[in-house]
Amino acid sequence: MADYDLAIIGGGLNGVSLARDAAGRGLRVLLVEQGDLGGAASSATSRLVHGDLAALERRNLWRVRATLAERAVWLGIAPHLVRPVRFAIPAHANERPSWQLRAGLWLYDRLGPGRRLPAAQALDVTHHPIGDALRRPFGTAFEYSDCVVDDSRLVVLTALDAAERGAAIRTGARCIRADRDRIWRLAIIDRGHRRIVTASALANATGAWSVSTAETVLRQPPPRVTARQVSQIVVPRLFDVDAVYVFQNSDGRLIFAQPYDREHTLIGSVAHGFKGDPAVVSMPAADVAYLCKAANRYFRSDIQPVDVVRTVSGANATLLRDAGAETLESVVSLHASRRLAPLLTMCGGDVTTARRRAEQAVSSLAKFYELRPRWTARAPLPGGDFGWERFEDLVDDARDRWRFLGEAEARRLVGAYGTRLAQILGDARERADLGQTFGSELTEAEVRYLMTREWARFPEDVLWRRTKLGLTMAAADRDALAAFMATASCQNAARLGEAGGDSPARKVELQSIGG
């Protein structure tokens, strides 16, 4: 008997979604990730959970309806991470006519299930806060509802839910070889130790590494995909309203500008083919200039490349059609025979459809396992067991219970941990009870929680993925955080080992064969 029913290589959103679904349906799951969870393209998305207006324009109504249904699911199971906001499209005389925008958004509202979010409407932006940040030529805008998401925390909490359902999650673990027979035999370098594990089925969920993993690690025919880079820029805050601007660019693309952290704006995205190492994705100067120019067409505040405080780029897999053309569709395929163990490949796709994609992928294994019923659309992610309409109530409750929290800090913490915030703050009566502070609000208690429960190993894991506090933290505080985490790692090696790989629900030992 194999050690696991399903081994997954890759800890991006696709990989952890597979792990969560499979573990909840009764499979023994192992996931290995060579770096940090969501450390590549899954932390460089557009941060949108939406129905895809571009698909509506292409008259792909089935996709729009499916993605809007998934938007409703995410609001139900991750109300702390997925937040409804109003999106505003300024009408531009040289782009899509107003009648087209009005008709499209009318249809967009009606394709979504339940219509729980406010409907689209036209705005006179000369007398509305939405217009304060815009140039004068824009007198009309169309406003509609969609959602934004903390993409990197979505990855981590999906992995945490998988772990609490029995999956073994190993970060800092690299699969260097996988031999296929009636079962898979995997050689893994796990933090300096070479280990061998066996699995009845294997999933390649390595994103932009899908081809190289198939060729060099699995030694199997590679999927028909290519790599595509998506990039965005972060600039100082350009507007005060809690909304997302959707700009029609002169080349037909839609550009989004959304609040990022408290003091910044995220503008994106621009996408093109990518060749190179997916671990090192840098944003070309031409793409930075392109997004600055697109934003300057609409915003009063002029931004230049020198104003960019951070670029956000990632490479993901893109499906290749027979004619060689790229499409943003995902790849989910299963290869199996009577003599060989199943090989599942899952790559590409967007944040909105990740849960459904994983559900379909795991269901394809039903011929090999007796699976429990589909479940992920109903079960909340850790900390998400409340209605999204109650988010503000949770913020108020947090400030009532922990009086030392400011409103912005309480909002950040509830948005990250939801109803599990008490696991971090406990019975603290003042900030000093939470230990050392790094910057204005990151506390020792929060860092310890992230290290022992959420697989954080290095400062960048905390500052850029579990939080976005790296944007404002001073260098001295970053150095102090690095020193603290290094000491804590040494002092709590056993606890970190458990949180870094084995399930908080049950510990699963890997078979060691050396070193």
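Residues Thr198 and Tyr4 form no side-chain contact, since every pair of their non-hydrogen atoms from C-beta on lies 4.5 Å or further apart. Side chains of Arg170 and Glu33 form no contact here, defined as non-hydrogen atoms less than 4.5 Å apart. Proximity of Leu202 to Leu186: side-chain heavy atoms (C-beta onward) are separated by under 4.5 Å at one or more points. Considering only heavy atoms from C-beta on, Ser46 comes within 4.5 Å of Gln232 through its side chain. Side-chain contact check for Thr472 versus His264: some heavy-atom pair is nearer than 4.5 Å. At least one side-chain heavy atom of Gln436 sits under 4.5 Å from a side-chain heavy atom of Phe438. Side-chain atoms of Asp287 and Thr311, non-hydrogen and from C-beta on, never get closer than 4.5 Å to each other. A 4.5 Å side-chain heavy-atom check between Trp209 and Ile9 finds every atom pair outside the cut-off.
Residue pairs satisfying the salt bridge (Lys or Arg N to Asp or Glu O under 4.0 Å) criterion with at least one member in residues 436-446, sequence neighbours excluded, are listed as follows: Arg262-Glu441, Arg412-Glu441, Arg412-Glu446, Glu444-Arg448. Applying the ring-ring contact (aromatic ring centres under 6.0 Å, His included) rule to pairs touching residues 9-50 yields nothing, sequence neighbours excluded.
The salt bridge (Lys or Arg N to Asp or Glu O under 4.0 Å) test applied to Arg465 returns Asp36, Asp461, not counting sequence neighbours. Shown here are the side chain to side chain contact (heavy atoms under 4.5 Å, CB included) partners of Arg83, two or more places apart in sequence or in another chain: Val85, Val148, Asp242. In terms of the ring-ring contact (aromatic ring centres under 6.0 Å, His included) criterion, residue partners of Tyr144 (sequence neighbours excluded) are, by chain and number, Phe87, Tyr108. Under the side chain to side chain donor-acceptor pair (under 3.5 Å) criterion, Asp150 pairs with Ser152, sequence neighbours left out. Residues satisfying the ring-ring contact (aromatic ring centres under 6.0 Å, His included) test with Tyr369, not counting sequence neighbours, are none. Partners of Ser231 by side chain to side chain donor-acceptor pair (under 3.5 Å), not counting sequence neighbours, listed by chain and number: Gln229, Ser313. In this view, Tyr417 and Tyr449 satisfy the ring-ring contact (aromatic ring centres under 6.0 Å, His included) rule, not counting sequence neighbours. Partners of Arg174 under the side chain to side chain contact (heavy atoms under 4.5 Å, CB included) rule, at least two apart in sequence or in another chain, are Gln34, Ile176. Residues satisfying the side chain to side chain contact (heavy atoms under 4.5 Å, CB included) test with Ala341, not counting sequence neighbours, are Trp184. Evaluation of the side chain to side chain contact (heavy atoms under 4.5 Å, CB included) rule for Pro84 yields Leu75, Leu117, Cys147, Trp388 as partners, not counting sequence neighbours.
Under the 6.0 Å distance and 45° angle rule, Arg310 counts as a cation-pi partner of Trp464.
Contact detail for Ala428 and Leu434: the closest heavy-atom pair is CB-CD2, 3.6 Å.
Taking a cutoff of 4.0 Å between a charged side-chain nitrogen and a carboxylate oxygen, Lys468 and Glu263 do not qualify as a salt bridge. One finds no salt bridge joining Glu430 and Arg403 here, because no Lys/Arg side-chain nitrogen approaches an Asp/Glu carboxylate oxygen to under 4.0 Å.
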